[in-house]
Each structure stands twice: as structure tokens, then as C-alpha cells.
Amino acid sequence: MCGISGWISYERDLRAEQSVVDAMTETMDCRGPDDRGTWISGPAALGHRRLAVIDLPGGRQPMTVDTPRGTVTVVYSGETYNFTELRAELVARGHEFSTASDTEVVLRGYVEWGEDIAPRLSGMYAFAIWDEYRQKLVMVRDRMGIKPFYYYETPDGVLFGSEPKAILANPLARREVGLDGMRELLAFVKTPGHAVWEGMHEVEPGTVVTVSRTGLRRHVYWELASTEHTDDRDSTIAHVRTLMDDIVRRQLVADVPVCTLLSGGLDSSAMTALAAQQLAPTGERVRSFAVDFLGQSENFVPDELRGTPDTPFVHDVARASGTDHQDIVLDSHALADPEVRAKVIRARDLPMGFGDMDASLYLLFKAIREHSTVALSGESADEVFGGYRQFFDEEARAGATFPWLGQTGRHFGTDDDSVLRRSFVDALDLGTYIQDSYASAVRGIQRLDSDSDFEYRMRRMSHLHLTRFVRVLLDRKDRASMATGLEVRVPFCDHRLVEYVYNAPWALKSFDGREKSLLREATADVLPRSVYDRVKSPYPSTQDPKYALALQDHAKDLLADPGHQVFDLVDRDGLRKAAGTESPQSTMASRRGLEITLDLALWLDMYKPTLALS
């Protein structure tokens, strides 16, 4: 896992721009604390920060191979889980390897197959290859969008990087955000390709982007397709288990310490238990980590979102699977710390995250990094198997908008209790933006002839979660983890599993009337009964009123600075109201409003963007 950056300029010799290339690369030192490297040849400059995971001495980058038609150079971030099989195939075709890294497999795979290397890869990756003979840059991103990848077109080429900050370090990139950028921040719809910053784009998941002297071209090599599911219940459950065993086995491969993120929910518990089962014959124990909040287990109060605390279930799994377990216990002071908030915003290059859940994720990863370099996560199982409450909500099923927005609005106060200025809200016109985005999102979903109206509605819900919602969470997890130098792998994003379960009828996905029926039954033999019976609970959030009080204090400090740019976006009276709430826990909307404001203020201070909002 690493950070990549680069600059292609067909009208200049970039050897004179070494300092700029270095600056772009160094913005991502947290993504790659183990090594750095740059490579420049005429119009092409590539940069790399390395987090060493496989072949520690041999995987240095940028990596180059000489061919009879010129050099080919790669900068690569991520993991290719089928690199052993691909390496054997390439050896059989006459390729000779000088390292044991998956990076060299990808590089020589390009030499052999060109852009057709992309559909042969299984894993999470974002990489760029400069083909000297063809004077062409090839940028490739994994199918699910696990690894981030951005680019910015220039008059004579392109800038690219794992994160916007790498691109923004180049003087050619404007630090400007327009109304559409702000809409994307606030709408929670994750438009494919949208990067918020003006002129910047994402390499879309499952896509190859090539840049040559004649311009830029995009090619989709994978998309979520509808196919008939012919397996019965027992065969489907068995196949899910076979896939999960293979996926976990592959994702445990590393030359550094590996652990699991354990929440006590079905997803992380199943993954942890399977990992423990696979390692048991070797005598190795799984290391597992969980987040908790000071006093939360003892003082937990059930609410509409969370009926039970995580810790008792976490400990049940740790005992049953014999893991070497550690709880990471956080207090409200750390969660509300402005320095932590600033680090989270710096990691994402944008505000508008998930409040204390972002801070706790960052602090959890920071603590884990002291013990492990790689962690397996249960992220995306809810999207794959149908675990969210909205999958069972008739209003969400029948609605003509993104099914998660009703839940978001009810629990985070995105509507009536907004702290944003009314003139700004009117200019945003989020309702229209969301509906236009929804219409675009559902337009390409394939309906099978065998799909009933109900089945198509459920297919549509699954598709939206797998192509929109999950990308928000994957980006959040990647940024928070890589900001601490921790690689997080997501087994449930394996495209084979996603394709298979996506096409299973809803009656199979919920055959026992519960969420994630297929995953529960496929892993029932390794789960404690308590976890098997547990109702889904979202990622934990602190219930300590001291957290909201700390937010109020920080907001009062901001109110003391009447000239701050944030008040171009935030209503001062609305913020005063949120900062003066007598009972901070009485309304989640007030707490959310404070978090939005503080995030915006820090972002404006740190990035100093030009806001083009007219």
C-alpha cells in the first residue's frame, strides 16, 4: 500500500521540475513511510511513497523494465491477490523476474498484455504506467474503487495522484471549489468521477484512463452486471463459504504483521473467525482490535440506531476464535481534539465527514499501527449482502431517491436543522442535484426478463449501495488508515463475491427474514451464538455528553472570530443556537451542525480554497 503521483507534460522537459515532483510526492509521506522514489524522463515524471508489505527489499518504486521498444515504468498502490498465478503464467511466457513483489507482476503483465492486464487482476489497486515507446500514460483503478486515484488535465498533459493533495501541490492545479463541488460534499450521493475540486476527476472504479499526445481516453473494463442466478439455497450458501475461505486466505498474505478489525457484528466476526480457522494449523493466532469509548459499555443507552454495545460481542468472538485481542479505548477529549479533526481533514483533503466516527476511526488506526501494518476489515458486507435497515424499509424500497438519504436526514439533521446560511442552501438546490444524480445512477441498471417489479426494486437498491454508498465508506477507511501508515484490506469487496451475491434473488439474501442471511449461514459454524443472533448495529458513536460540550466550546471560539470565511457558508445565529444548546444529547442535529461547521472552518484555514459559489 502506497501513495503515487505524477506529471505528464508533452511540451516540456520535466527534469527541470524535480522540486515540484518531489513536493507532490512528499504530500503522501503518511501513505508510504518506508521509502520514497521519483523517476523523470523527458515529458514524464512519476513519484512514489512506499508502505512495504510484500517483498520488503525488492519492491522499491518507481519500477522500470527495459524492453526492445523502450522502457516501461510503473508506480503502484495496493495489492494484487492473484499475483502468484499471474507470475507463473508470465514465467511460462518467457518473462524473467528480479523481485518477488506483486508490483513487478503488474508491470510485466502490462508488457505482455498491454491495457488488457486490468481485467486479469484481482485485488485493490491504483497504478500508473508510462510507456516510453508509445509516449502514453495508462492509469488503472480496481473494480470497486477501494484505492483512491485522481487526475487533473492540463493544457499539455495531466497531473495525477492517490490523493488530491498530491495534485494540489503542483502550481498548475487551481485550489477552487464551485457550487457543484459543494453539492457533492453535502449531498451524500458519491457521483462517479467527481472529485469536488474544480478541474479534478477521479479515475472511476473498473476503468482504464490513457493519456497520449492526442488527448485522454477512458475505457471501462468492469461494471456490475445482471445475470441469472441458478443455484439453490444450499448451493448458494456453500459457494459463498468457498469464496470467503479463498478470499480470506489470499488476503492474509503479507511479509509484515496482519490483524483484523473486530466490531462484534456479523461481518467482522465472520472474517476474524475464518482467519483464525485458517491460521490455526500453523500455530499462529489472529491479532484483533476493537474500538470502545471510555465508560460506554457500562453506561450504554439503546437508541434507534444501536440497540447493544459492541464490546460484549467482541469479547465473545475473541474467546471463541482464540484471538490475541486488544480494545482501543478512546475518551471524549481525544475525539473532540481540534488537532485530531485537522488530521482527519488533512487525510481526506475535504470536510464533511462523519464527526466523532471519523475521529475514532483515525485514532483506532493510529493505535493499531503500533502493532500491525495490515488489517482486514468487514467493510462493504452490508452493501453486498443487504444488511442496512433501508433494505427492509418499505418507504426506502419504493422511493425514487437514494435509499439511505431518509435515514441520513432523520438521524443527522441534514434538512430542517441545518446550520448553513439560507442563501447558500438556496444556491445549492440539493434536491435537484440529488434527483439528477439518482436518475443518472439508475439509468444503467440492467433488469432481467425474470425480474419481478419487487425483485428489480431490490436489485436497484443493491446496485446503488455497491456503486455509490460503499464508495463513501471505502474512501473514508482508506484515507483514515493510510494517514497512519496502516493498510486496510476489505475481503467483502472481492469482485467474485460481489458479482455472485449481487445476482442472488432477494428471497435468498433474506431467506430467514433477517439481514445478511447468506453470510450468517455460510459462516454459522465459526460464529458464537450471540453474534449469530445479534441484530445489526452501525459503527459505534460516543454517547458521552462531554463530547458535545467540547464541540460547543470550540464553536464559541469560532464565533469570537466574526471575520472567518466559514460565515460565508454558515449562519451565525444558527451556530450560536447549536453552541448554546442546554442538553447536547437532546438533538443529534445540533451536534451534527457543530461538526459540519468546525470541519468547514478547519478546511478553509488549511487549504484556503477559492469558493466560486455564484
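Predicted model, so just to flag it, every value in this text is computed and none were measured.
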Quick check against the 3.5 Å criterion: does [X] have a side-chain atom that pairs as donor or acceptor with the backbone of [Y]?
X    : Y    : answer
D358 : F354 : yes
R241 : A522 : yes
S235 : D231 : no
Q435 : T401 : no
Q543 : V301 : yes
S162 : I4   : yes
S226 : Q446 : yes
S372 : I368 : no
R471 : T467 : yes
E383 : S462 : no

Reported [atom1]-to-[atom2] distance for the pair [X] and [Y], which is rounded to 0.5 angstrom:
X    : Y    : atom1 : atom2 : result
L216 : E153 : CG    : CD    : 4.5 Å
D246 : Q251 : CG    : CD    : 9.5 Å
D494 : E499 : CG    : CD    : 9.0 Å
L361 : K477 : CG    : NZ    : 6.0 Å
R468 : S437 : CZ    : OG    : 4.0 Å
L600 : I596 : CG    : CD1   : 7.5 Å

Is any side-chain heavy atom of [Y] closer than 4.5 Å to one of [X]?
X    : Y    : result
R457 : W506 : no
F424 : L186 : yes
R120 : W113 : yes
I445 : Y456 : yes
Y125 : I146 : no
V177 : E198 : no
L473 : S380 : no
S321 : V526 : no

Contact summary for [X] and [Y], nearest pair of heavy atoms:
X    : Y    : answer
L274 : M244 : CD1-CB, 3.8 Å
L262 : A318 : CD2-N, 4.4 Å
P540 : M357 : O-CG, 3.6 Å
Y110 : I129 : CB-CD1, 3.5 Å
H495 : S122 : CE1-OG, 3.8 Å
L497 : V240 : CD1-CG1, 4.4 Å

Flag the pair [X] and [Y] as a salt bridge only when some basic side-chain nitrogen lies within less than 4.0 angstrom of an acidic carboxylate oxygen.
X    : Y    : value
R479 : D475 : yes
D267 : K516 : yes
R447 : E455 : no
R397 : E395 : no
D429 : R183 : no
D512 : R514 : no

Ring centers of [X], [Y] separated by less than 6.0 Å:
X    : Y    : value
H239 : Y500 : yes
Y388 : F469 : yes
W197 : Y150 : no

Residues in side chain to side chain donor-acceptor pair (under 3.5 Å) with Y81, at least two apart?
none
For R141, the side chain to side chain donor-acceptor pair (under 3.5 Å) test, sequence neighbours excluded, returns none
Checking [X] now: which residues fulfil side-chain contact (heavy atoms from CB on, under 4.5 Å) with it, not counting sequence neighbours?
X    : result
T242 : none
A320 : P528
E515 : F392, R520, K536

If only side-chain N and O atoms count, and only distance matters, is there a donor-acceptor pair under 3.5 Å linking [Y] with [X]?
X    : Y    : value
D310 : S263 : no
T191 : E184 : yes
S541 : R591 : yes

For H465 and F402, run side chain to side chain contact (heavy atoms under 4.5 Å, CB included): C-alpha distance rounded to whole Å, both residues' side-chain angles, the deciding distance at 0.1 Å, then the answer.
CA-CA 9 Å; H465 280 84; F402 295 100; over 6 Å; no
Apply salt bridge (charged side-chain N to carboxylate O under 4.0 Å, His left out) to K190 and list each qualifying residue two or more places apart in sequence or on a separate chain.
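For K190, the residues satisfying salt bridge (charged side-chain N to carboxylate O under 4.0 Å, His left out) (neighbours in sequence not counted) are E202.
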Test side chain to side chain donor-acceptor pair (under 3.5 Å) on H315 and D327 and set out the steps.
CA-CA 9 Å; H315 292 174; D327 292 324; 2.7 Å; yes
Under the side chain to side chain contact (heavy atoms under 4.5 Å, CB included) criterion, do L266 and R534 qualify, and how do the steps go?
CA-CA 8 Å; L266 174 61; R534 189 186 186 192; over 6 Å; no
From CA spacing to verdict: side chain to side chain donor-acceptor pair (under 3.5 Å), E115, Y221:
CA-CA 9 Å; E115 295 173 29; Y221 71 88; over 6 Å; no
Where do S360 and Y539 land on the side chain to side chain donor-acceptor pair (under 3.5 Å) test, with the steps shown first?
CA-CA 10 Å; S360 67; Y539 183 84; 3.0 Å; yes
Take T542 and D356 through the test side chain to side chain donor-acceptor pair (under 3.5 Å) and record every step on the way to the result.
CA-CA 7 Å; T542 181; D356 71 298; 5.3 Å; no
E79 and its salt bridge (charged side-chain N to carboxylate O under 4.0 Å, His left out) partner, picked from R250, K147, R489
R489
